[in-house]
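Heads up, the thing below is written out as structure tokens.
Atom set for the values below is all heavy atoms of this structure, side chains included, hydrogens, waters and symmetry mates excluded. Keep in mind it's a predicted model, so treat the numbers as computed, not measured. Both counts, for ligands and for their atoms, begin at 1 and track the order of listing.
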Amino acid sequence: MGDESKICKSLVLVASPFQGHMTPMLQLGNLLHSKGFSITIAHTKLNSPDPSNHPEFEFLPLYDNFSAIDPSNYFKNFLVKLNDNCKMQLQDHLAKKIKEEKNQMITVIHDNAMYFADEVASNLKLPSIVFRSCSASYMPAYLALPILHAEGKLPIQDSMLQKLVPELHPLRYKDLPFNNTPTELLKQMFALSERIRTPSAIIWNTVDFLEHSMLTKLRQHYQIPIFDIGPLNEMTKCPSTSFLKEDINCISWLDKQAPRSVIYVSLGSLATMDETELAETAWGLANSKQPFLWVVRPGSVNGSEWIEFLPEGFMEEIRGRGHVLKWAPQKKVLAHFAVGGFWSHCGWNSTLESISEGVPMICRPVYGDQCVNSRNLSYTWRVGLELEYLERNLIVDAIRRLLVDDEGKEMRKRAFFMKEKAKNALYKGGSSFKALKDLVQFIQADIDIHSN
Ligand code: UDP
């Protein structure tokens, strides 16, 4: 055994520059800091977190040479280059840290997209763990993609979309991630996956009761420890992690609305829509006659700065009943008594945040794990309505079913039940409580092995 009294337990968390990855990574840092570890957040200059919100962490900026997330040739041009650009900087920093601080035992925990960190840890003989911020249910669907591709089934034919995928119950072909991604991009994605080694352990932002069977499958597949310690948004109280400024005025607007009357609409930090989709969404919201809070992220409508493409007459029509904003304090919004439903793209953080507050959802996924999450919300957990097409009458129908009809009341009851189950997982005897204890022991044991 190493001399533990001399060992400073230091964790270097390597975060990726996506809002939906950065938020849970900072929450993870907060949680592990509360367990006595010192935390360094290594992050790209692109989409840096605000250090003033986290004075307890050390921050290590890595120069990535990007000024924005580049969606063109996303995997090859963006992710691969980002990883290549950051690798030596992290390696040099950690080598120096090891030399200077002899009593420091370091474990690297890295976002799965930042695979260079695993190569660095291996070069420096440091233990490393991967962190996954997507749902567990996404992985079997993702792992099936190369097989479907080899069988010539991708992109999925229209006639197959509603059919169930064998071995992936309850997913239909339309629920598969990247089901309409161009072949070239898919090939780049598979090539990238091959560069990622099997890690020594995985930390997963999920809860056992939500994804028990998937987690069992994944434990069999990977044959390594998987620590399901979510929902991280509830496991720890973390200060704001938003890249964009949160508009808190919406809370006083919500204060004036009737309980459970408002539909909150947000498509997360990356999804975009075109002008026609914007118009259908706008008139669907207006014609529902329900109050709504709608996040239109700057740049989220193709070719626009913000809301200049909103249809004529819309703002007058919704005056007093609708509130449009650039970025919301989403967790506070979902916890507000006036919010009765969440129309979401079903990103995993948004899904967990909605479940944590017992808010039923309208599910309108765009790509990736959102499609899988949407299927689980609407079919498996029955706390969401699937919105198949972005058409104003269908939108009115979905909002009224969720907020006014008995169907919505039943969904709200189930959502409330799930909220209670999620809370139970956090406390002594709960699955996430136990997984966190196991994770802390695992890191400690790794430190002991490496310090001998
Ligand atoms: N979010 C927010 N304000 C908004 C919209 C989103 O704070 O107006 C946060 C939301 O709470 C969530 C994250 O942004 O934590 C989005 O992550 P998610 O996984 O849901 O989707 P992604 O952005 O990765 O597609």
Side-chain angles (χ1 to χ4, degrees), residues 15-30 47 49-50 53 68-69 71 74 79 111-113 131-138 177-178 204-206 210 230-251 253-254 262-273 281 292-301 306-307 323-336 339 342-357 359 361-374 376-377 384:
S16 88
F18 305 100
Q19 182 70 73
H21 291 222
M22 180 63 78
T23 294
M25 187 59 106
L26 291 170
Q27 290 165 342
L28 177 66
N30 227 38
N47 291 342
D50 181 353
N53 283 337
I69 292 171
Y74 171 76
L79 262 191
D111 184 289
N112 64 293
F131 173 57
R132 285 201 168 270
S133 53
C134 59
S135 58
S137 308
Y138 165 67
F178 310 106
W204 220 302
N205 185 18
T206 189
L210 279 180
L232 281 165
N233 54 292
E234 288 292 303
M235 287 290 279
T236 177
K237 293 264 165 292
C238 194
S240 171
T241 55
S242 287
F243 298 146
L244 296 176
K245 190 169 178 320
E246 293 174 355
D247 178 353
I248 52 156
N249 293 329
C250 66
I251 300 296
W253 182 85
L254 281 174
V262 175
I263 181 86
Y264 167 59
V265 188
S266 162
L267 302 185
S269 63
L270 292 170
T272 56
M273 55 167 66
T281 303
F292 64 86
L293 184 66
W294 181 14
V295 177
V296 182
R297 217 180 58 246
S300 63
V301 180
W306 188 37
I307 52 173
H323 191 85
V324 181
L325 72 170
K326 291 181 176 169
W327 190 255
Q330 182 162 300
K331 282 177 57 190
K332 289 198 180 84
V333 166
L334 289 169
H336 198 282
V339 172
F342 180 13
W343 171 355
S344 170
H345 69 313
C346 306
W348 188 234
N349 294 287
S350 294
T351 301
L352 289 176
E353 289 160 13
S354 210
I355 287 173
S356 302
E357 295 302 340
V359 177
M361 295 167 80
I362 292 176
C363 307
R364 172 72 193 162
V366 184
Y367 53 74
D369 73 333
Q370 300 156 16
C371 309
V372 177
N373 302 339
S374 166
N376 274 335
L377 283 160

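Residue-ligand proximity: R297 is placed with every non-hydrogen atom at 4.0 Å or more from ligand 1. Residue contact check for ligand 1: K331 places no non-hydrogen atom closer than 4.0 Å to it. Using a non-hydrogen distance threshold of 4.0 Å, F18 does not register as a contact of ligand 1. Within the structure, ligand 1 lacks W294 among the residues with a heavy atom less than 4.0 angstrom away.
Considering only non-hydrogen protein atoms, atom 11 (O) of ligand 1 sits nearest to E353 OE1, 2.6 Å. When only non-hydrogen protein atoms are considered, atom 21 (O) of ligand 1 lies nearest to H345 NE2, 2.9 Å. For atom 1 (N) of ligand 1, the nearest protein heavy atom (residue, atom name, distance) is W327 CZ2, 3.2 Å.
Within the listing of ligand 1, atoms 23 (O) sit less than 4.0 angstrom from a heavy atom of G268. Heavy-atom contacts of Y264 reach the following atoms of ligand 1: 4 (C), 8 (O) (cutoff under 4.0 Å). Listed by number with element, the atoms of ligand 1 under 4.0 Å from a non-hydrogen atom of S266 are 5 (C). For ligand 1, the atoms lying closer than 4.0 Å to a non-hydrogen atom of G20 are 17 (O), 24 (O).
Checking side-chain atoms of W204 against main-chain N and O of C134 turns up a donor-acceptor pair under 3.5 Å.
When heavy-atom distances to ligand 1 are checked against a 4.0 Å cut-off, W348 comes that close only through its backbone atoms N, CA, C and O. With a 4.0 Å heavy-atom cut-off, ligand 1 is reached by no atom of H21. Under 4.0 Å from ligand 1, heavy atoms of Q330 appear from its side chain as well as its backbone.
Residues D111 and H21 approach most closely at OD2-ND1, 2.8 Å, considering heavy atoms. Closest heavy-atom contact between P24 and F131: CB-CZ, 3.8 Å. For the residue pair S242 and L244, the shortest heavy atom distance occurs at CB-O, 3.2 Å.
Comparing heavy-atom distances from atom 23 (O) of ligand 1 across A328, S133, S240, S269 singles out S269 as nearest. Among S350, S135, G347, the residue whose heavy atom lies closest to atom 16 (C) of ligand 1 is S350.
Applying side chain to side chain donor-acceptor pair (under 3.5 Å) to T23 and the options N205, N349, T241 leaves one that passes, T241.
Where the criterion is an N or O separation shorter than 3.5 Å, residue side chain and backbone included, N349 meets it with respect to ligand 1. Looking at ligand 1, you won't find any N or O of Q19 less than 3.5 Å from one of its N or O atoms.
Within the 4.5 Å cutoff, the side chain of W294 has heavy atoms near those of the T281 side chain. A heavy-atom distance below 4.5 Å is found between the side chains of C346 and L377. Side-chain atoms of I355 and P231, non-hydrogen and from C-beta on, never get closer than 4.5 Å to each other. Between C371 and F178, the closest side-chain pair of non-hydrogen atoms is not below 4.5 Å. The side-chain heavy atoms of F243 and P17, taken from C-beta on, include no pair separated by under 4.5 Å. You'll find the side chain of F18 stays beyond 4.5 Å of the side chain of N47, heavy atoms only.
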